[in-house]
Each structure stands twice: as structure tokens, then as C-alpha cells.
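Here is the structure we will look at.
Here the structure is a predicted model, which means the values were calculated and not measured. Only this structure's heavy atoms are used, side chains among them; waters, hydrogens and symmetry mates stay out.
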Amino acid sequence: MKNVLKYSTIICLIVLTVAACESKKPSDTSMSNSPEAKVASDTSTQTSTETALTVTDKGCEPNQLTLASGENNFVLTNKSSQPLEWEILSGVKVVEEKENIAPGFVQKLKTNLEPGEYDMACGLRSNPKGKLTVKAGVGNSQAKGTVDQGQLVGAIAEYKVYVTKETDQLVADNKSFTDAVIAGDLAKAQKLYPSTHVHWERAEPIAELFSDLDKTMDSRADDFAKKEADPAFTGYHRIEKALFQDKTTKGMKPFAEKLQKDGLDLQKRIATLTIEPKNMVGGAADLIEEVAATKISGEEDRYSHTDLWDFSANVDGSQKIVELLRPVIQKANPDLLGRVDANFTKVDQKLAKYKTPDGGFATYDKVSETDKKDMKTAIAALSEDLSQLRGTLGVN
């Protein structure tokens, strides 16, 4: 009864406050394989600027930008040797981001920016941050929505409950997992690792809004210049390396204690967070893009090969968003919803093939190349369709 009252209270609070998000019109992202990007024009007079920015292994070029408030379009080019991301940060909170920009590719991002001073996270987490100054523009327009944002209030409230439950379970499972690591129980810690990490993966669109916790809890070695040797490489994947590659818990106590502390911090922050429409609607595509970028390749859980656990959790999180938005998607674009459902079914069928009797999944090295190819095709189609949700639901 206590939990029912807790989650019911969350819904009531969100319904009362989520309307405030409507004044902060959300963003849209799109992809392009073109190697060219246009340079921004005079930001003081344009109603919508297009700003070219290159992300390298060492940071952003240019590293400082001054733009007018309102609708802005960024053209992001990855001139490095690996997939990278770009983020706009207000303190530790992610205001906008584009993840998994493939090497040599150009991706576009459209967003509405309010006046203020922001940081830009450019590529590797060990890179220096850039600076973005947004000044009040004259006559700058806000993106126009095609769906009444009031129709999203109930779905956002239910999604907050879903994310809160996943975070609560993450904290509980983290305790058991980190206790096993600290106690030196290698077998138990190995068993608990994948079932604990899935709660982060389901709630990731919201959890990763806190850039500092995303960095300390879920970074991969590739996010740092010194890879596994980088002292900033912490969290789940640092412990994963010790448990499955090094076959030891030795030296992991500080990492385990930090992970548990960060999980509790995440729980507190999410409890007071107002989820904006862009966070939820965009999250459906972000989760599937995450699968395409790091799960299909086996990069995410490279030491434990438990990628299918995370793969499934990302799909679960994305499907939950679509299910909550189903009435408005059906009304706005039933054909799109039909394609999304069909591709979710294809992915679910492939995942079911590798389920184990205990409710988990086979290790990723057991997946046939044919099934990997089929899953990759379905995920690519799903990612493409879900990327249209922002425009379909009017959160551009």
C-alpha cells in the first residue's frame, strides 16, 4: 500500500506541473550521411540558425559558440575514429544531446534554447568541455507543435512512475550486487551483475540526463583517452571488467561503494525531476539507437558478454514509452505505429530465442551471425521509425 500511495502521488504531482514544460518547446534530431555542414549565419537576426560543429577525439571545433535564443539547428560532424556524442549541459543536467555519431558521419539536431551559459560535452568524457553562450534573440521563433501537448500529460505522469520504479529497483539490486563485490563473493557478484544493470538500461533516457552520474555509473572504457587505465573509468563496466575479465573482486571495494552511493543520489534526483515531453518521446528512439550502436556489436558488455540482457532492457524501455503514447500516435500516424509494432515483434522474437530457463539470456557469443544480422536489420528499421515520433507528436 505504501508503494501504491507513493506512485499515485507522483502521478498527481506531474499532472499539476508538467504543463510548465510546454513553454520550453522540445527538440528534434535527424541524421545525415552528408560530409558537409553549413556554417551559422548572423544569429542576431535569423529566426532559426544552422551551426556547424565538428567533434573530434580531443573536443569540439569550435570550442566556444555564441547563439541567439529560440530555435537552433546544429550540424554535427564526427571526425574521429569511433562513435562519439555531443551534449549541451546546464550544470550537470543534460539539456540536449546527440549520441552515437558514427565516424565520418554528419547528424543534425534541432532544439529550442533559452538564454544562458551552457557547457558542451564533446566526444570523450575526458575531453575538456566547450562553452555555449545563448543570448536573447529578437524575433526568434519557437518550434510549432502539431499535437496538443496536453494530450501527453497522462503518459508523462505514467512514465515518471515507471522510471521511479526502475530506479527504486536499481537501488535495491545495487545493494545486493555491491555487497557481494565488497564481500569478495565473485560468483554471486557475477550472477547479479546483468540483472542489476538492466534497471539502468530501462530508465536510461532519464538517468543519463544527469551527466555526472551517467559518467561515474555507466561509462565504457572507450569514453576515456586512457581506456581501462583511466582513473575516471568507474561504475558498472569497471566492476564488470574485474569480475569477468580479471576474475577477481580485489581492489573493487571503492568502486562498489561509489556505485551504491551514486545510485542513491540518482534515486533522489529523479524523485524531484519533472520529465519534459522531449525526454520521454525522444527516449523511445534513443534507447533503440543505443542498441544499434553498442549492443548489436557486443561492445557494451565486452567483458561479461551479457549484452542481450541490456539489449532486452533497452527494448523494454522503448516499448513502454510507445505503449504509453499509443493513443496519440495512433491518432497522429497509425501507419507509423503499425511499422513500429511490427519491428518490435521481430526483435522480441529473436530475443526470445536466446532466453534461458532462469529468465536471463545466453551470452552474446552464442548468438548466430544470421540472427545478429536479422536483429540489426530490424533495429535499424525501428530506429528510423521511432526517430519520427518527435515530429509526429509535435515536440519539435
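The other members of the hydrophobic cluster of Leu264, by chain and number, are Val171 (side-chain heavy atoms under 4.5 Å, ILVMFWY only).
Remark: Lys175 pairs with Asp179 by the salt bridge (charged side-chain N to carboxylate O under 4.0 Å, His left out) rule, at least two apart or across chains. Taking the salt bridge (charged side-chain N to carboxylate O under 4.0 Å, His left out) definition, one finds that Asp57 meets it with nothing, sequence neighbours left out. In this view, Pro115 and Ser69, Ala136 satisfy the side-chain contact (heavy atoms from CB on, under 4.5 Å) rule, not counting sequence neighbours. Tyr354 pairs by the ring pair (Phe, Tyr, Trp, His ring centres under 6.0 Å) definition with nothing, not counting sequence neighbours. Remark: Ser211 engages Glu87, Leu89, Val92, Val94 in a side-chain contact (heavy atoms from CB on, under 4.5 Å) (not counting sequence neighbours). Remark: Lys131 pairs with Gln64, Asp119 by the side-chain contact (heavy atoms from CB on, under 4.5 Å) rule, at least two apart or across chains. Under the salt bridge (charged side-chain N to carboxylate O under 4.0 Å, His left out) criterion, Asp307 pairs with no residue at all, not counting sequence neighbours. Lys372 is linked by a salt bridge (charged side-chain N to carboxylate O under 4.0 Å, His left out) to Glu369, counting only residues two or more places apart in sequence or in another chain. Listed by chain and number, the residues in a side-chain contact (heavy atoms from CB on, under 4.5 Å) with Lys191 amount to none (sequence neighbours excluded).
For Asp212 and Arg269, the salt-bridge test passes: some basic side-chain N is under 4.0 Å from an acidic carboxylate O.
Phe255 carries Arg238 over the face of its six-membered ring, with the cationic atom under 6.0 Å from the centre and within 45° of the normal. Cation-pi geometry between Lys320 and Tyr159 is not satisfied (NZ or CZ under 6.0 Å from the ring centre, within 45° of the ring normal).
Among the candidates Ile101, Asn78, Thr77, the single residue satisfying the side chain to side chain contact (heavy atoms under 4.5 Å, CB included) test with Gln107 is Ile101.
The ring pair (Phe, Tyr, Trp, His ring centres under 6.0 Å) analysis of residues 329-348, with sequence neighbours excluded, yields no pairs. Within the structure, the side-chain hydrogen bond (donor to acceptor under 3.5 Å, both in side chains) test picks out the following pairs touching residues 249-264 (sequence neighbours left out): Thr216-Asp262, Lys258-Asp262.
Here the NZ-CD1 distance, from Lys98 to Ile88, works out to 13.0 Å after rounding to the nearest 0.5 Å.
At a cut-off of 3.5 Å, with distance as the only test, a side-chain donor of Lys295 or Asn314 sits close to an acceptor on the other residue. For Tyr193 and Asp173, the side-chain atoms include no donor-acceptor pair closer than 3.5 Å. Side-chain N/O atoms of Gln169 and His199 include no donor and acceptor closer than 3.5 Å.
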